[in-house]
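The analysis underlying the following values was restricted to heavy atoms, covering all of them including side chains, and did not include hydrogens, waters or symmetry mates.
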Amino acid sequence: MNINLRTIALLTDRLDNLTHALELPLPSGMHVEMIQSILPGIRDEIRAALIDETGDNPWLTLEDLEEEEPETDEDDDSGRVIKMYNQ
């Protein structure tokens, strides 16, 4: 199995475990703190696995693209320089 798909499968299991943990008889504040501390990490791991798997980052904003330095390619036949952004 592909490592990225395996990572996503394991993260799905973690989300399932987190859902079941919400049924524990704990104060609401503890549940909220648990979710706030765990979900961002899971989100980041899912994003990283998807970006690694697809080679594309759908979460890039226009500002992110504008901050990247354009890569200059060879001149084409008309002498114009082709600029491409790395993604």
Side-chain angles (χ1 to χ4, degrees):
M1 175 181 276
N2 178 313
I3 189 71
N4 293 316
L5 296 179
R6 177 77 175 137
T7 298
I8 291 171
L10 291 173
L11 291 168
T12 302
D13 288 343
R14 284 179 61 195
L15 289 172
D16 190 45
N17 292 340
L18 184 60
T19 301
H20 290 291
L22 291 174
E23 296 173 9
L24 294 173
L26 298 171
S28 297
M30 288 182 74
H31 284 295
V32 170
E33 288 178 22
M34 178 180 59
I35 289 171
Q36 288 176 331
S37 68
I38 295 174
L39 284 182
I42 293 174
R43 176 205 57 213
D44 294 343
E45 290 182 59
I46 291 172
R47 283 182 177 178
L50 288 171
I51 291 168
D52 189 49
E53 182 64 26
T54 64
D56 189 27
N57 184 350
W59 294 279
L60 280 178
T61 64
L62 290 176
E63 291 81 18
D64 294 331
L65 291 172
E66 290 171 357
E67 289 176 5
E68 290 183 10
E69 290 292 323
E71 179 182 298
T72 304
D73 203 357
E74 297 291 323
D75 288 344
D76 64 9
D77 292 337
S78 65
R80 293 176 286 148
V81 176
I82 301 170
K83 293 184 178 179
M84 300 171 3
Y85 285 96
N86 293 328
Q87 294 185 15

Task: Euclidean distance, His20 NE2 relative to Asn17 CG, rounded to 0.5 Å - done: 7.0 Å
Task: Spatial distance of atom CG (Leu26) from atom CD (Glu33) [nearest 0.5 Å] - done: 11.0 Å
TODO: Taking all heavy atoms of His31 and all of Leu24, pick out the closest pair and write down the distance.
DONE: NE2-O, 3.1 Å
Task: Remaining members of hydrophobic cluster (4.5 Å side-chain criterion), Ile38 - done: Ile8, Leu11, Leu15, Leu18, Leu22, Met34, Ile35, Leu39, Ile42, Ile46, Leu50, Ile51, Trp59
TODO: Using salt bridge (charged side-chain N to carboxylate O under 4.0 Å, His left out) as the criterion, list what pairs up with Arg14, not counting sequence neighbours.
DONE: Glu45
Open item on the list: I'd like to know if the side chain of Asp56 reaches the main chain of Pro58, judged simply by a donor and an acceptor atom lying under 3.5 Å from each other, with no hydrogens or angles considered.
Closed with: no
